[in-house]
Asks: 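Below you will find the structure I want to go over with you.
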Amino acid sequence: GAASVNLPTIIVPGGPMLNGTFKGRPLGCGTDVWRFSADVRAGKMSQEEFNASESSMIRSKGHCNTMGTASTMGCMAEALGMTLPGLAGTPAADARLLKASHESGRRIVEMVKEDLKPQDILTFAAFTNAIVALGAIGGSSNAVVHLLAIAGRLGVKLTLDDFDRIGSRIPLLVNLQPAGEFLMEDLFRAGGLAAVLNEVKRYLDPTAISVTGKPFVDSLAGAEIYDSSVIKTHDAPLQPEA
């Protein structure tokens, strides 16, 4: 919608729900419910246990806490330069998201004054960075459809071939459910999207800007990995090519 009207825009992702656990094991919202529902039908789990697992799984506000479509598109919004740097993946219940929302409100007022619009930010360079991010985080395949649609609204000539050309050489660094082990809250504490992208900075297009009006890559300076079990390094990835 923002790409269509091309009015000054800033995105504040709603953020993932907090990690849930059931009987000592981490639960991925949406992913584990299918497994448990199958167990109920097979007589391996009672309805009462199933209800208890649901309460444990959905324990805060926020979207799905696996690397599903919502988490992926929050990361895509930041990689495209449409959020304040460092915002994607902040849990919905975290007070820092409220603080960033206030900062985003202040920034959009300045963007209106500067006449900084989506078409200024969402260039082919920005989509290049989004594809790199998608590969590094192991994001949802739905992102391909969404990115192509956004590019189409802007008149940016992005194709499926670009995803192969740019994304196939990117190492997979993030170990998150449903394919991996951890959840979005873990990614946030481990250094977040900025730490991931700092590892693959060599593949990013430095000409892309963000809603700050500054080069997107500048926002990655100093980003560190704090838990290498969640975020792998470029030289020791989960998979060499995403």
Side-chain angles (χ1 to χ4, degrees), residues 2 9-37 49-108 133-134 136-140 142-143 146 173-198 210-212 219-220 223-231:
T9 303
I10 194 167
I11 295 176
V12 182
M17 64 183 71
L18 298 176
N19 286 1
T21 59
F22 181 61
K23 295 185 176 180
R25 293 182 57 190
L27 294 177
C29 168
T31 302
D32 284 310
V33 73
W34 300 112
R35 178 166 60 87
F36 287 156
S37 64
E49 284 182 306
F50 182 77
N51 293 343
S53 74
E54 185 178 45
S55 299
S56 303
M57 191 181 302
I58 315 294
R59 72 182 187 93
S60 78
K61 60 185 177 181
H63 60 66
C64 181
N65 56 11
T66 65
M67 188 54 78
T69 303
S71 297
T72 299
M73 294 313 297
C75 292
M76 292 299 94
E78 179 163 333
L80 286 168
M82 292 300 294
T83 75
L84 289 181
L87 184 51
T90 305
D94 196 305
R96 286 168 287 189
L97 182 59
L98 180 60
K99 179 176 181 289
S101 300
H102 286 295
E103 292 171 350
S104 297
R106 295 186 184 97
R107 178 57 194 154
I108 191 60
L134 183 61
I137 65 174
S140 169
N142 285 336
H146 292 313
L173 304 185
V174 175
N175 183 16
L176 253 64
Q177 294 187 35
E181 183 179 356
F182 296 96
L183 295 167
M184 285 297 293
E185 188 181 346
D186 300 308
L187 176 60
F188 184 69
R189 68 171 174 78
L193 181 64
V196 178
L197 293 184
N198 204 28
S210 74
V211 290
T212 64
S219 68
L220 305 177
E224 298 180 44
I225 297 172
Y226 301 119
D227 187 341
S228 59
S229 61
V230 182
I231 304 173

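These numbers were taken from a predicted model, which means no experiment stands behind them. For this chain, numbers begin at 1 and follow the sequence in order.
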Asks: Can you name the nearest heavy-atom pair linking F182 to S229, along with the distance?
Replies: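 Smallest heavy-atom distance, with atoms named: CE1-O, 3.2 Å.
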Asks: Nearest 0.5 Å, please: how far is NZ in K23 from CD in E49?
Replies: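 Output value for this atom pair is 3.5 Å.
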Asks: If I take atom CD from residue E224 and atom CG from residue N198, how far apart are they, to the nearest 0.5 angstrom?
Replies: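 Interatomic distance, E224 CD to N198 CG, rounded to 0.5 Å: 9.0 Å.
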Asks: Of all the heavy-atom pairs spanning R96 and F188, show the shortest one and how long it is.
Replies: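 Between these two residues, the closest heavy atoms are NH2-CE2, 3.4 Å.
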Asks: Could you report the tightest heavy-atom contact between K61 and A93, atom names first, then the distance?
Replies: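 Nearest pair, atom of K61 first, then A93: CE-CA, 3.9 Å.
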Asks: Would you say the side chain of L197 lies within less than 4.5 Å of the side chain of E78, judging by non-hydrogen atoms?
Replies: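 No, every pair of side-chain atoms sits at 4.5 Å or beyond.
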Asks: About how many Å separate CG of L173 and CD1 of I231, when rounded to the nearest 0.5 Å?
Replies: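 If we round to the nearest 0.5 Å, I231:CD1 and L173:CG are 8.5 Å apart.
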Asks: Identify the two heavy atoms, one from C64 and one from C29, that lie closest to each other, and give their separation to 0.1 Å.
Replies: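 Nearest heavy atoms, C64 then C29: SG-O, 2.9 Å.
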Asks: Would you say S71's side chain and G68's backbone share a donor-acceptor pair under 3.5 angstrom?
Replies: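 Here the side-chain-to-backbone pair does not exist.
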Asks: So with a 6.0 Å cut-off around CZ of R35, is the heavy-atom count from everything else above 12?
Replies: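 Yes, because the 6.0 Å sphere around CZ of R35 holds more than 12 heavy atoms from other groups.
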Asks: To the closest 0.5 Å, what do you measure between CE (M76) and OG (S140)?
Replies: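 Here the rounded value is 10.0 Å.
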Asks: For the CG atom of L97 and the NE2 atom of H102, what is their distance to the nearest 0.5 Å?
Replies: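 Between atom CG of L97 and atom NE2 of H102 there are 10.0 Å.
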Asks: Where the side chain of D32 meets the backbone of G28, is there a donor-acceptor pair that is under 3.5 Å apart?
Replies: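 Between the backbone of G28 and the side chain of D32 there is a qualifying donor-acceptor contact (under 3.5 Å).
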Asks: Go through it in stages, so that I can follow the logic: the residues are L187 and N175, the test is side-chain contact (heavy atoms from CB on, under 4.5 Å), and I'd like the CA-CA distance, side-chain angles, deciding distance and then a yes or no.
Replies: CA-CA 9 Å; L187 176 60; N175 183 16; over 6 Å; no
Asks: Is the shortest heavy-atom distance from the side chain of V196 to the side chain of I137 under 4.5 Å?
Replies: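 In short, these two side chains touch, coming nearer than 4.5 Å.
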Asks: For the atom pair CZ (R59) and CZ (F22), what is the distance rounded to the nearest 0.5 Å?
Replies: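 Going from CZ on R59 over to CZ on F22, the span is 14.5 Å.
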Asks: Backbone N or O of A2 within a donor-acceptor pair of the T9 side chain at under 3.5 Å?
Replies: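 Checked: no pair found.
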Asks: Can you list everything that forms a side chain to side chain contact (heavy atoms under 4.5 Å, CB included) with S104? Sequence neighbours excluded, please.
Replies: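 For S104, the residues satisfying side chain to side chain contact (heavy atoms under 4.5 Å, CB included) (neighbours in sequence not counted) are I10, V12, L84, L87.
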Asks: Is K99 salt-bridged to E103, cutoff N-O under 4.0 Å?
Replies: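 Yes, this pair counts.
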Asks: Verify side-chain contact (heavy atoms from CB on, under 4.5 Å) between T66 and L183, making sure each step is shown before the conclusion.
Replies: CA-CA 5 Å; T66 65; L183 295 167; 3.9 Å; yes
Asks: Indicate the atoms forming the closest heavy-atom contact of M17 with N65, along with that distance.
Replies: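 Nearest pair, atom of M17 first, then N65: O-CB, 3.5 Å.
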Asks: E185 versus D94: any side-chain heavy-atom pair under 4.5 Å?
Replies: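 No, side chains not in contact.
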Asks: Check P13, C75, S210 against T83 for a side chain to side chain contact (heavy atoms under 4.5 Å, CB included) and give me the one that passes.
Replies: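 The passing option is P13.
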Asks: If I compare all heavy atoms of G139 with all of M67, which pair ends up nearest, and what's the gap?
Replies: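 So the minimum-distance heavy-atom pair works out to CA-CG, 3.9 Å.
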Asks: Can you check whether T69's main-chain N or O pairs, donor with acceptor, with N142's side chain at less than 3.5 Å?
Replies: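 Such a contact is absent between N142 side chain and T69 backbone.
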